[in-house]
Amino acid sequence: THTHTLSHYHTHTHTRTHTLTLFVCCWTVQIRMIFQGVVRSSLKVGKTLSVSRSMAALTMETMNQSVISARYEVRGAIPILAEQIEKELKAGSDKYPFDRVVHANIGNPQALKQIPIRYFREVLSLLELDDELNDPMKVKKFREVFNDDVVDRALAYYRLPARIGAYSGSTGLSLVRDEIATFIERRDGDGVKANPDNIILTSGASEGIALLLEAIIANPTVGIMIPVPQYPLYSATITLNNGHAVDYYLDEESGWSTSLDELQRSIDHARNEGVNVRSLVVINPGNPTGQTLTHHAIEETIDFCAKNNLLIIADEVYQANVYNDDFPFHSFRKVLNSMPEYKDKVELASFHSLSKGMVGECGRRGGYMELVNIDPDVLVQLNKRVSISLCSNVGSQVMMGMLCDPPKETDGSYEMLNLQINTIKASLKRRANKLSNAFNSWEGMDCQEPQGAMYLFPRVYIPKKAVEAAEAQHLEPDMLYCMDLLKETGLCVVPGCGFGQKEGTYHFRCTILPPEEELDEIMSSVKEFHHRWMAKYAD
């Protein structure tokens, strides 16, 4: 059973040792913490715990073992420890050399003081009032408070009718799907035609990705090609569905690029092992690595997928987060449309989200997927599957529509919205460059130039003594580094082992989201820690 579980993560034999360490990474600490919590609880409730467990139908032994095997370290052991430290600090503890925890482990902009986009919130605030929008006198009053385009937008949704406290159709509001289709056509140009009937609104891009992977993984022989490093949503969801994660490695030295040779090596090995590879995942811009694919690289990927009969899963949630003009964002939809031999043949699922970009409305859980060249009968089944969850959050659907169809230059809200977006983007770019420059200036660390997304993935050259110390504690070396970093500075990041990495290399993922005015203080503390930690374990 254990060997079978590990095979979900990797299919090539030369990484089996790495697979085991990825499986163990952070898990020992989590088990230890969970066990301690259970012991504390049992001391409070006495015999109740043992009696209830003896009668339980659901236990660790009887539950779905794929749930136990799935890993999502973005909210794993270190964030759990960070939450515990926060509780201690709020209770007045003075045992830490800091007074707050900075959560740089997850792309959660508004939790790190990013200001919400005013226009979106104003439209939603009117929709919350519901039937007051049906009262002409009250609408007149609203126009005294808000710009006309805000009130007009709220009325347009209200008259659909869109009631944000009621279910919508399972695939989402028709007007919003129309707005998204228009956005895709405007973004990609060159004759791209988007069909609203092929767009499904979801509770964040993650829900759509999970739904699609569930549909693709028809049996345990099915494999999904995923980049390494990768966002662990993919490895976790593949594990939950009893599929095979087929790793292809990104090349760190060339800016985390993808090579055709590596794609071919990966799929050949998987197929030689009996894996039925059905799909390839591309994250563009990259998470956790921050690279942005060139037009040519996307063409090569599409050609590879066409020749190998693979459905492309294009995770494009960071498409607005591009900071290097030399590496603009190109959607897979646009590039596919420019390839006559494949435009009507290659299957493509593209994803976008409210959570990223300059909007950062993570808690809204809004997103969409567009399905291109998918069998119509399969679309019917996917729509049925979506209907089981009834619909995504209707307020988030409306906000997704506003993201895709923002105010025009002639609208009263345009100037403020444009100012907010440009201010946030410029600040994110400065923060990305400041963090990257700092990491690259420290001995024992280097970081690829940031091109997009919300993260940096610096490599730490961990000394041999630190590796040995980590092994003695049954930890991955970068896990030890990140745990000590949290305990000594209050900065919460995620070790590279949570995303996958080449054997013998160590990294951590850090968001670029901490407030700009706090970065110097944070980085000064981290710099001191890094040099102190490296000296402690120097060979």
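On a predicted model such as this, the values are computed, not experimentally measured, just so you know. Basis for what follows: all heavy atoms, side chains included, without hydrogens, waters or symmetry-related copies. For reference, positions follow the sequence shown, starting with 1.
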May I ask you to decide if A57's main-chain N or O and T62's side chain share a donor-acceptor pair within less than 3.5 Å? yes
Under the 3.5 angstrom rule, does the side chain of Q65 hit a backbone N or O of M60 as a donor-acceptor pair? yes
Apply side chain to side chain contact (heavy atoms under 4.5 Å, CB included) to residues V398 and L173 and explain how you reach the verdict. CA-CA 8 Å; V398 168; L173 296 166; 4.0 Å; yes
Side-chain donor-acceptor pairs under 3.5 Å in residues 453-465, sequence neighbours left out?
| from | atom 1 | to | atom 2 | distance (Å) |
| --- | --- | --- | --- | --- |
| Y455 | OH | Y318 | OH | 2.5 |
| Y461 | OH | D446 | OD2 | 2.7 |
| K465 | NZ | A538 | O | 3.4 |

Side-chain heavy atoms of L280 within contact of I226, under 4.5 Å: no
Does a side chain donor of either N105 or R509 reach within less than 3.5 Å of an acceptor in the other side chain? no
Does a donor on one side chain sit under 3.5 Å from an acceptor on the other, for Y323 and N321? yes
Take atom CD in E518; do more than 12 heavy atoms of anything else shown fall under 6.0 Å from it? yes
Inter-residue atom distance D99.CG - S93.OG, 0.5 Å rounding: 12.0 Å
If you measure from OG on S279 to CD1 on I238, what distance do you get to the nearest 0.5 Å? 8.5 Å
Ring centre gap for F146 and Y119 strictly below 6.0 Å: no
In the structure I gave you, are the side-chain heavy atoms of M400 and L201 within less than 4.5 Å of one another anywhere? yes
Taking atom NZ of K425 and atom CZ of R430, what is their separation to the nearest 0.5 Å? 13.5 Å
Taking C-beta and beyond as the side chain, do H531 and E528 meet within less than 4.5 Å on heavy atoms? no
Just by distance, no angles: are the side chains of S125 and R121 close enough, under 3.5 Å, to form a donor-acceptor pair? no
Using modelled atom types and a 3.5 Å cut-off, is there a donor and acceptor pairing between side-chain atoms of S170 and backbone atoms of L390? yes
If you round to the nearest 0.5 Å, how far is CE of M369 from CG of D315? 13.0 Å
Got D251 and W256 here, is their nearest side-chain heavy-atom distance under 4.5 Å? no
Validation row: Q473, M479 side chains within 4.5 angstrom (heavy atoms): no
Check: I224 and I217 side chains under 4.5 Å, non-hydrogen atoms: yes
Whether the side chain of H244 engages the backbone of P220 through a donor-acceptor N/O pair (distance < 3.5 Å, no angle test) should be reported. yes
Ignoring hydrogens, what is the shortest heavy-atom contact between V246 and S266? Give both atom names and the distance. CG1-OG, 3.2 Å
What's the verdict on side-chain hydrogen bond (donor to acceptor under 3.5 Å, both in side chains) for Q319 and N284, showing C-alpha distance, side-chain angles and the deciding distance? CA-CA 7 Å; Q319 61 189 260; N284 179 44; over 6 Å; no
Heavy-atom donor-acceptor pair, K434 side chain to M523 backbone, under 3.5 Å: no
Is E207 paired with R365 through a side-chain N to carboxylate O contact shorter than 4.0 Å? no
To the nearest 0.5 Å, what is the distance between CG on N393 and SG on C391? 8.0 Å
To the nearest 0.5 Å, what is the distance between CG (D520) and NZ (K527)? 11.5 Å
Using every non-hydrogen atom in the two residues, find where A205 and V317 come nearest and quote the distance to one decimal. CB-CG1, 3.6 Å
One pair to check against ring pair (Phe, Tyr, Trp, His ring centres under 6.0 Å): Y481 and Y537. What are the steps and the verdict? CA-CA 11 Å; Y481 180 93; Y537 292 108; 9.8 Å; no
For the residue pair N287 / Q230, report whether a side-chain donor-acceptor contact shorter than 3.5 Å exists. no
Donor-acceptor contact present, side-chain T489 to main-chain L486, <3.5 Å: no
Evaluate the ring planes of W533 and F529, with Trp represented by its six-membered ring, and classify them as parallel (under 30°), tilted (30 to 60°) or perpendicular (over 60°). tilted
Compare every heavy atom of T202 with every heavy atom of S392, then report the nearest pair and how far apart it is. CB-C, 3.5 Å
Sidechain N-carboxylate O distance under 4.0 Å for K90, E86: no
Any non-hydrogen side-chain atom of N324 less than 4.5 Å from a side-chain atom of E449? yes
Taking atom types as modelled, find out whether S436 and N433 have a side-chain donor-acceptor pair closer than 3.5 angstrom. no
Between E88 and Y96, is there a side-chain donor-acceptor contact under 3.5 Å, judged purely by atom types and distance? yes
Set of residues satisfying side chain to side chain donor-acceptor pair (under 3.5 Å) with respect to E252, sequence neighbours excluded: H507
Please report the shortest heavy-atom distance between Q501 and V228, naming the atom on each side. N-CG1, 3.5 Å
Does the pair E516/K113 count as a salt bridge with the N-to-O cut at 4.0 Å? no
Within a strict 4.5 Å, meaning less than it, do heavy atoms of the L403 and L354 side chains meet? yes
Minimal heavy-atom distance between T292 and Q451, with the atoms involved, is N-OE1, 2.8 Å
The criterion is side-chain contact (heavy atoms from CB on, under 4.5 Å); which residues satisfy it with I421, sequence neighbours excluded? I117, M358, L417
Between the side chain of Q110 and the main-chain N/O of G360, is any donor-acceptor distance below 3.5 Å? yes
Kindly indicate, with the supporting measurements, whether the criterion side chain to side chain contact (heavy atoms under 4.5 Å, CB included) is fulfilled by F351 and I313. CA-CA 8 Å; F351 297 85; I313 296 176; 3.7 Å; yes
Begin from the C-alpha positions of Q448 and T289 and carry the test side-chain hydrogen bond (donor to acceptor under 3.5 Å, both in side chains) through to its verdict. CA-CA 8 Å; Q448 295 298 313; T289 47; over 6 Å; no
Around atom CD of E443, are there more than 12 heavy atoms from other residues, nucleotides or ligands closer than 6.0 Å? no
Are any side-chain N or O atoms of T237 and backbone N or O atoms of L233, one a donor and one an acceptor, separated by less than 3.5 Å? yes
What heavy-atom pair brings P116 and Q420 nearest, and what distance separates the two atoms? O-NE2, 3.0 Å
Is the number of heavy atoms from other residues, nucleotides or ligands under 6.0 Å of M416 CE greater than 12? no
